[in-house]
Amino acid sequence: MERPVPVVFAIGSDPVKLGLVVSLNRPGGNATGVTFFATQMETKRLGLLHELVPGATVVAALINPSQPAAPAQADEVTEAARVLGLKLHVLHAGSERDLETVFATCAQLGAGALLVAADPFFYSRRELALAAQHMMPAIYEWRYFIVLGGLASYGTSLVDGFRQAGVYTGRVLKGAKTADLPAAQTTSFEFVINLKTAKALGIEIAPMLSARADEVIE
């Protein structure tokens, strides 16, 4: 009988809900790894977007409906908007064609800012998802959107997460059992602001907010 191949994952969703592990502390099978908290940070991102664009009382949230975490993301951001006193429109996009119509829809709805929810599809199409090209202030999950010209991002550090996954891979190759390695959760978070984009959008970033950023791109 062949032994199951050990797997070290690096994912943005909850590995327990996905059935990859029995629990974080005791994976219990042939898989373990690192979770980035990607899809559980929408409340924080919306709060920062509100600070970046306080005059935007109508906002939109872009969610991929085919993402397993989509219902939870929609519920989270809807509740966050209610607490902040914002009028929220949840928009869906799961294809490039959908992305091409999102910004026109935002304009029709009078949205003054956009939250792009955590999703692998949006990340793989980050050039198309760049709202700054449509003069729309937006916040994203990863700093790579901001390097390309996005306004701001907040999320865990991919570099730190993949480093942890690499450490686990090394331990497995040296004989450690995946069932004995607790699934790790990244604890390094990054808040990134692109001041050049802010200027192009006519947004003045408060000094206190810039001071809180882990990285400011000028």
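Numbering starts at 1 and runs along the sequence shown. This is a predicted model, so every value here is computed, not measured.
Put simply, the side chain of Y123 does not reach to within 4.5 Å of the side chain of P120, judged on heavy atoms. Annotation: side chain of V192 is not in contact with side chain of Y140 (no heavy-atom distance under 4.5 Å). Between V58 and H89, some side-chain heavy-atom pair lies under the 4.5 Å cut-off. In this structure, the side chains of V172 and T178 come closer than 4.5 Å at one or more pairs of heavy atoms.
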| message | Determine whether E218 and K196 satisfy the following criterion, salt bridge (Lys or Arg N to Asp or Glu O under 4.0 Å), listing intermediate values before the conclusion. | response | CA-CA 5 Å; E218 300 187 57; K196 183 178 180 180; over 6 Å; no
| message | Go through it in stages, so that I can follow the logic: the residues are E141 and R45, the test is salt bridge (Lys or Arg N to Asp or Glu O under 4.0 Å), and I'd like the CA-CA distance, side-chain angles, deciding distance and then a yes or no. | response | CA-CA 8 Å; E141 55 173 332; R45 279 189 275 269; 5.3 Å; no
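Note on ring orientation: taking the six-membered ring where Trp is involved, the planes of H134 and F103 are parallel (angle under 30°, cut-offs 30° and 60°).
Taking every heavy atom of both residues into account, L49 and L115 meet most closely at CD2-N, 3.9 Å. Shortest non-hydrogen contact noted between Q164 and T186 is NE2-CG2, 3.4 Å.
T78 is linked by a side-chain hydrogen bond (donor to acceptor under 3.5 Å, both in side chains) to nothing, counting only residues two or more places apart in sequence or in another chain.
In this model, no donor atom of one side chain and acceptor atom of the other lie less than 3.5 Å apart for N25 and S23. With hydrogens and angles left out, the side-chain atoms of E76 and T43 include a donor and acceptor closer than 3.5 Å.
The number of heavy-atom neighbours closer than 6.0 Å to CZ of R212, taken from other residues, nucleotides and ligands shown, is above 12.
Side-chain N or O atoms of Q73 include one that pairs as donor or acceptor with a backbone N or O of A118 at under 3.5 Å.
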